[in-house]
Amino acid sequence: MSKSNTNDAGRRPAPAVSAARIDNDVQAIAAATALADKLRPQALLRDRERILPWDEIEAYSETGLGAITVPKAYGGPELSFVTLVRVFEILCAADPSAGQIPQNHFGVLALLHDLGSEEQKRRFYADILRGERIGNAGPERGRNAISHVTTRITATADGLRLTGRRFYSTGALFAHWIPTRAIDDEGRAVQVWARFDAPGVSVIDDWSSFGQRTTASGTVEFDNVPVEPVQVLPVWQAADRPGLWGPISQLMQAAIDSGIARAAIDDAIAFVRDRARPWMDSGLERAADDPTILHEIGRLETDYQAAQALLHHAASVLDELSAVPVTAETSAKASVAVAEAKILTTEIALDASETLFDLAGSSSTRAAHGLDRHWRNARVHTLHDPVRWKYHLLGNYYLNGAHPARHQWN
């Protein structure tokens with residue numbers, strides 16, 4: 001196996017830590033807040049120098065936050081989706097790159113909940129409770145649809161073997177398990193969990209985006225990787241089995257954008273209050289007294305509060321729907337609630353990170369301040385799935401009663 005990392009050549013995930021036990025929402029928020037205080041001071045430096053957050057991710061695992069959605073039946077606390085959203089908002093306001101890394105961990109756990117067998121749940125939930133992390137080997141590169149898959153899992157005389165090349169693999173470099181989408185011998189879509197240190201697994205740190213720079217969302221290669229049957233989830237069954245894994249995956253995307261927006265607004269307020277000069281025609285001594293700036297700060301805060309309220313509402317909808325058997329109708333309702341929230345969190349993240357400079361003035365563009373990272377992060381992360389299709393989803397649902405397609409982007 002070969003792994004490359006531009007900052008820490010050959011570094012691999014540490015063995016599972018002795019993760020702390022989180023039992024309730026209050027403990028989870030406290031753990032996230034304490035971790036955010038550790039992430040924040042060096043976030044600008046990590047972004048500027050592209051220093052991958054190895055130690056920070058180990059600290060995250062030690063908190064026990066990675067296990068907060070594990071069901072009680074399997075030894076976990078099974079905390080609310082509202083709490084999960086708040087955790088992501090807190091972490092991503094401090095450092096959205098480090099905060100995004102666990103995103104696929106929780107998305108995959110949601111898929112395990114909906115489609116996994118009892119054996120699979122017992123196996124993988126136990127690993128998570130020990131502090132292990134789940135990454136992702138994402139869509140394949142190229143101009144084909146994002147759902148296009150050439151990665152294959154094949155039965156051989158020596159057992160199952162996985163072969164393929166994937167990209168957009170956020171969290172894979174730091175993960176103990178690297179799930180990926182593949183096609184089996186019967187032409188069905190499956191999710192295959194490859195162990196990070198299995199023979200034939202290579203995680204290549206070739207992520208070079210101008211935003212979310214330290215998520216290491218690059219390439220994963222699988223070269224005839226040995227896989228056990230327990231490591232294969234039947235994704236093809238999702239077409240006939242309504243679930244919440246798609247909305248849950250999208251909910252975290254929206255929470256990341258909410259965190260980016262919060263950080264941009266906070267930095268705009270701090271810069272105007274402490275550094276910006278008043279415009280000469282205002283006749284004022286402080287930029288913080290400029291009525292046009294006061295108006296814009298008020299508008300940004302209002303738009304942010306609206307986006308966050310809809311985000312938390314969507315999370316509460318998921319909490320309500322997850323407590324009863326999921327139907328086609330309730331699965332659609334969940335996707336719609338999250339789509340509504342994601343539209344607003346996308347728009348406020350982009351608006352806040354752009355308006356920051358208009359309010360703070362030209363001095364705010366100096367590289368030393370690193371305020372451009374908010375816009376870069378918002379612009380890159382909000383491209384995970386086009387918000388214009390969220391509007392389409394909502395219009396088609398409300399006008400025609402059409403249920404959203406079931407996949408991780410809905």
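Computed from a prediction, not measured in an experiment: that's the story for all the values here.
- The two residues L300 and A352 make their nearest non-hydrogen contact at CD2-CA, 4.0 Å.
- Open room surrounds CZ on R273; 12 or fewer heavy atoms of other groups in view lie less than 6.0 Å from it.
- Atoms CG and CG, on L84 and L79 in that order, are 9.0 Å from each other to the nearest 0.5 Å.
- Around the CZ atom of R188, the shell of radius 6.0 Å holds more than 12 heavy atoms that belong to other residues, nucleotides or ligands.
- Between W207 and F167, the ring planes lie tilted relative to each other; the angle falls in the 30° to 60° range.
- The backbone N or O of Q253 sits nowhere less than 3.5 Å from a side-chain atom of Q100 that would complete a donor-acceptor pair.
- Using a 30° and 60° split on the angle between ring planes, Y74 and Y125 fall in the tilted class, from 30° to 60°.
- At least one donor-acceptor pair under 3.5 Å links the side chain of T382 to the backbone N or O of A378.
- Under the 4.5 Å side-chain criterion, counting only non-hydrogen atoms from C-beta, R130 is not in contact with H176.
- The pair R195-E132 meets the salt-bridge criterion, since a charged nitrogen lies less than 4.0 angstrom from a carboxylate oxygen.
- Side-chain N or O atoms of S331 include none that pairs as donor or acceptor with a backbone N or O of A328 at under 3.5 Å.
- With salt bridges taken as basic N to acidic carboxylate O contacts below 4.0 Å, one links D205 and R50.
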- Query: When you look at R123 and E118, which way does the salt bridge (Lys or Arg N to Asp or Glu O under 4.0 Å) test go after all the steps?
  - Reply: CA-CA 9 Å; R123 164 72 181 278; E118 283 301 309; over 6 Å; no

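- With hydrogens and angles ignored, the 3.5 Å screen pairs no side-chain donor or acceptor of R379 with any backbone N or O of F210.
- The NE2 atom of H384 sits 7.0 Å away from atom CD1 of I256, with the distance rounded to the nearest 0.5 Å.
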- Evaluate salt bridge (Lys or Arg N to Asp or Glu O under 4.0 Å) for R133 paired with E58, printing each intermediate quantity in order. CA-CA 10 Å; R133 297 182 294 272; E58 293 298 334; 3.0 Å; yes

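- D267 and H374 share a donor-acceptor pair across their side chains, judged by distance under 3.5 Å alone.
- With hydrogens and angles disregarded, no donor-acceptor distance shorter than 3.5 Å links the side chain of D372 to the backbone of A367.
- Between E89 and R86 there is no salt bridge, since no side-chain N of the basic residue sits under 4.0 Å from a carboxylate O of the acidic one.
- E347 has no carboxylate O lying under 4.0 Å from a charged side-chain N of K342, or vice versa, which leaves the two without a salt bridge.
- Side-chain contact annotation: E140 with T150, donor-acceptor N/O pair under 3.5 Å present.
- Judged purely by atom type and a 3.5 angstrom limit, E354 has no side-chain atom pairing as donor or acceptor with the backbone of W375.
- Proximity of a side-chain donor or acceptor of N136 to a complementary backbone N or O of S169 within less than 3.5 Å is not detected.
- Between the side chain of S335 and the backbone N or O of N410, at least one donor-acceptor pair lies under 3.5 Å.
- A donor-acceptor pair under 3.5 Å is formed between the side chain of T365 and the backbone N or O of S362.
- The CD1 atom of I178 sits 11.5 Å away from the CG atom of N104 when rounded to the nearest 0.5 Å.
- A donor-acceptor pair under 3.5 Å is absent between the side-chain atoms of Q27 and the main chain of I22, judged by distance alone.
- In this structure, CG on D23 lies 13.0 Å from CD on E78, to the nearest 0.5 angstrom.
- A distance of 9.0 Å separates CD of Q120 from CG of L115, quoted to the nearest 0.5 Å.
- Rounded to the nearest 0.5 Å, atoms CD1 (I343) and CG (L393) are 8.5 Å apart.
- Closest of all the heavy-atom pairs between L321 and T330 is CD1-O, 3.2 Å.
- R166 and T180 form a side-chain donor-acceptor contact under 3.5 Å, judged by distance and modelled atom types alone.
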- Should W389 and W409 be marked as a side chain to side chain contact (heavy atoms under 4.5 Å, CB included) after you check the CA-CA gap, both sets of side-chain angles, and the distance that decides it? CA-CA 10 Å; W389 276 94; W409 296 278; over 6 Å; no

